[in-house]
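Owing to the predicted nature of the structure, the values given are computational and were not obtained by experimental measurement.
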Amino acid sequence: MAKRLKYWGWGYEGDGLSPSDRDALLATLAAGYAIDATGTVAVPGLGDISLPLPRLAPPPALVPLCAQDPYERVLHSFGQSQPDSIRIFSRDFAHAPDVVAYPQDEDDVAALLEWAGEEGAALIPFGGGSSVVGGVTPDVADRYAGVVTLDMSRMNRVLEVDTLSRSALIQGGARGPELEAALKPHGVTLRHFPQSFQHSTLGGWIATRSGGHFATLYTHIDDLVENVTMVTPAGRMESRRLPGSGAGPSPDRLLIGSEGSLGIITEAWVRVQGRVRFKATAGFRFPDFVQAAGAVRAIAQAGLFPANVRIVDGVELAVNGAGDGSFTLMVVSFESADRPVDTWMDIAEECALDEGGVPDADWRTNPDAHLMGAAGAWREAFIRMPYNRGVLTPLGIISDTFESAITWDRFEAFYRNVRKATHDAIREATGGVGAVSCRFSHAYPDGPAPYFAFHCAADPGSMLEQWWEIKRAVSDAVMDNGGTITHHHAIGRDHQPWYERQRPPLFGDVLARAKTHLDPRGILNPGVLVAQDGYGSKTT
């Protein structure tokens with residue numbers, strides 16, 4: 001029997017933290033940061049969830065594509081954000097979609113778009129449901145006649161592999177493991193591994209400008225896209241498949257990052273690579289986060305382009321059982337399908353040692369060095385991390401992240417100011433101190449992508465309000481200190497006000513006009529990227 005996805009947290013039913021991992025996490029938060037459980041809420045069973053009656057009924061031709069049973073409606077009510085988690089355990093499902101549709105081809109997508117438009121229903125694209133910014137949560141209030149969630153998981157095939165050009169045509173609903181399994185017999189890989197890899201899709205990666213495995217060079221899915229096909233209420237749009245073009249503004253760049261607000265990404269040609277044959281990973285310890293950042297900058301500016309070069313501060317290591325809090329860890333990795341990587345690692349090690357780093361484990365004599373020491377412990381913690389929230393939220397503990405990017409000349413002030421603002425916001429919202437940590441997820445020659453995490457005890461009765469108070473404060477701090485509101489988590493509904501502040505006003509006008517042209521009735525993922533009012537009247 002196939003596993004079912006959880007509707008209350010990350011992964012499949014039966015998957016999660018082991019009892020010992022759960023106990024260790026709670027003990028560390030309590031002993032190290034005075035973060036204690038303030039409540040106990042059980043996982044809501046389907047029978048405990050009150051769903052409104054569906055407001056829509058699909059026409060006979062579309063009935064085979066649609067589901068309206070409680071599990072499907074509940075599963076598609078939320079993504080994986082902290083407010084989503086809080087609302088799930090509060091049994092807040094009044095906004096659940098009326099219909100969940102599973103198109104199998106582009107004709108189905110077009111038919112579902114037409115029906116939703118005629119009904120005045122909002123249509124929410126759903127890839128793997130891994131959004132952490134409210135990108136798939138159907139919060140459209142009463143402005144629409146109903147909500148249809150479009151689950152793309154049945155459009156999940158690799159349609160063609162061009163080994164000569166090293167590219168592949170893949171449908172938008174293919175999850176990471178599915179597309180990699182289909183590429184493997186051809187000896188190639190997309191090599192795009194976000195933390196959500198198992199439960200996210202190619203179309204979702206493109207729609208949200210996903211950040212993947214590569215910490216340098218090919219950092220975003222943008223770098224791997226050759227062309228995009230999108231079905232919109234105004235028609236089908238397909239860009240020309242080319243290795244590069246200087247012909248005016250790129251249509252791909254309009255569609256990449258559109259978050260389902262302009263149309264449905266049905267397929268794309270993407271650049272693939274030979275499968276990795278050579279790799280090496282080394283860890284280095286630093287006494288200070290800013291000092292470690294200097295080593296990352298040296299490596300990023302040396303033209304080495306490692307697959308991974310990340311630093312993790314002492315708080316992050318300690319919270320996740322990968323360190324004692326006394327040092328910052330840098331992990332650097334090189335991978336190649338063609339040649340040994342030791343020479344590159346030698347240079348990276350020199351950069352680390354020059355900045356005061358000391359080896360975590362000997363990578364030269366031990367091919368399993370990446371599994372040893374703090375680097376190995378961090379690797380295991382990183383894999384477990386998505387399951388933490390499902391444990392912490394019902395205990396009244398907020399556990400969330402936010403990420404940004406900043407140039408090197410402004411990094412140190414940005415890091416200190418945003419970290420302080422987060423501590424201040426936690427104290428103001430909850431009265432507690434909490435834990436605030438930072439790591440780098442990606443690095444560029446001109447700047448890093450700092451990735452912050454925070455934990456704090458909350459009042460179970462006002463947990464959502466307290467989260468929003470913290471979220472607003474840290475988002476303001478990110479913008480006030482010159483960063484981007486997101487490096488790779490997308491905009492969704494949670495970041496919309498700060499995205500409007502970040503983008504040039506004239507560009508916002510152009511984007512709104514593009515949406516009006518492609519989605520004249522405003523049914524596609526309302527409230528994402530473009531603020532909308534007055535849409536959703538039923539055709540008469």
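With contacts defined as side-chain heavy-atom distances shorter than 4.5 Å, the pair M152/P125 does not qualify. Using a 4.5 Å cut-off on side-chain heavy atoms (C-beta onward), Q82 and K471 make no contact. Using a 4.5 Å cut-off on side-chain heavy atoms (C-beta onward), L392 and H455 make contact.
For R271 and D223, the salt-bridge test fails: no basic side-chain N is under 4.0 Å from an acidic carboxylate O. Checked for salt-bridge contact, D480 and R501 meet the test: a charged N lies under 4.0 Å from a carboxylate O.
Not a single donor-acceptor pair under 3.5 Å links the side chain of W344 to the backbone N or O of S333. Side chain of E403 to backbone of H487: a donor-acceptor contact under 3.5 angstrom is found. For D519 (side chain) and L524 (main-chain N/O), a donor-acceptor pair under 3.5 Å exists by modelled atom type. For R493 (side chain) and P526 (main-chain N/O), a donor-acceptor pair under 3.5 Å exists by modelled atom type.
Between F78 and the choices F93, F126, Y7, the ring-ring contact (aromatic ring centres under 6.0 Å, His included) rule is met once, by F93. When each of L262, I206, V109 is tested with M230 by the rule side-chain contact (heavy atoms from CB on, under 4.5 Å), just one qualifies, namely L262.
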Practice task
Please test S130 against W10 for side chain to side chain contact (heavy atoms under 4.5 Å, CB included), starting from the C-alpha separation and ending with a verdict.
Solution key: CA-CA 8 Å; S130 61; W10 183 256; 3.8 Å; yes

Handout entry: From CA spacing to verdict: side chain to side chain contact (heavy atoms under 4.5 Å, CB included), R55, Y144
Key = CA-CA 10 Å; R55 295 170 290 173; Y144 293 83; 5.9 Å; no

Exercise for the section: Dump the intermediate steps for ring-ring contact (aromatic ring centres under 6.0 Å, His included) on H489 and Y451, then the final yes or no. Expected result: CA-CA 11 Å; H489 279 173; Y451 190 115; 5.4 Å; yes

Practice task
Determine, step by step, whether R87 and D139 satisfy the salt bridge (Lys or Arg N to Asp or Glu O under 4.0 Å) criterion, reporting the C-alpha distance in whole Å, the side-chain angles of both residues, the deciding distance to 0.1 Å, and the verdict.
Solution key: CA-CA 12 Å; R87 291 171 66 187; D139 288 326; 2.9 Å; yes

Problem - Verdict with supporting geometry, T229 and M237, side chain to side chain contact (heavy atoms under 4.5 Å, CB included) - result: CA-CA 6 Å; T229 297; M237 179 163 46; over 6 Å; no

Practice task
May I have the step-by-step check of side chain to side chain contact (heavy atoms under 4.5 Å, CB included) for L56 and W115, ending in yes or no?
Solution key: CA-CA 11 Å; L56 300 170; W115 169 59; 4.3 Å; yes

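The shortest heavy-atom contact between Q466 and A429 is NE2-O, 3.1 Å. Here the closest heavy-atom approach between residue A96 and residue S77 is recorded as CB-OG, 3.3 Å. Taking both residues in full, the closest heavy atoms of G146 and D98 are given as CA-OD2, 3.2 Å, listed atom of the first, atom of the second, then distance.
A 6.0 Å sphere centred on CD of E428 holds no more than 12 heavy atoms belonging to other residues, nucleotides or ligands. Remark: Y444 OH is packed, more than 12 non-hydrogen atoms of other residues, nucleotides or ligands lying under 6.0 Å away. In D142, the CG atom is not crowded: 12 or fewer heavy atoms of neighbouring residues, nucleotides or ligands sit closer than 6.0 Å. Annotation for R241: atom CZ counts as buried by contact number, over 12 foreign heavy atoms lying within 6.0 Å.
For H442 and H488, the gap between ring centers is short of 6.0 Å.
The aromatic rings of W408 and F411 sit perpendicular to each other, their planes meeting at more than 60°, with 30° as the lower class boundary.
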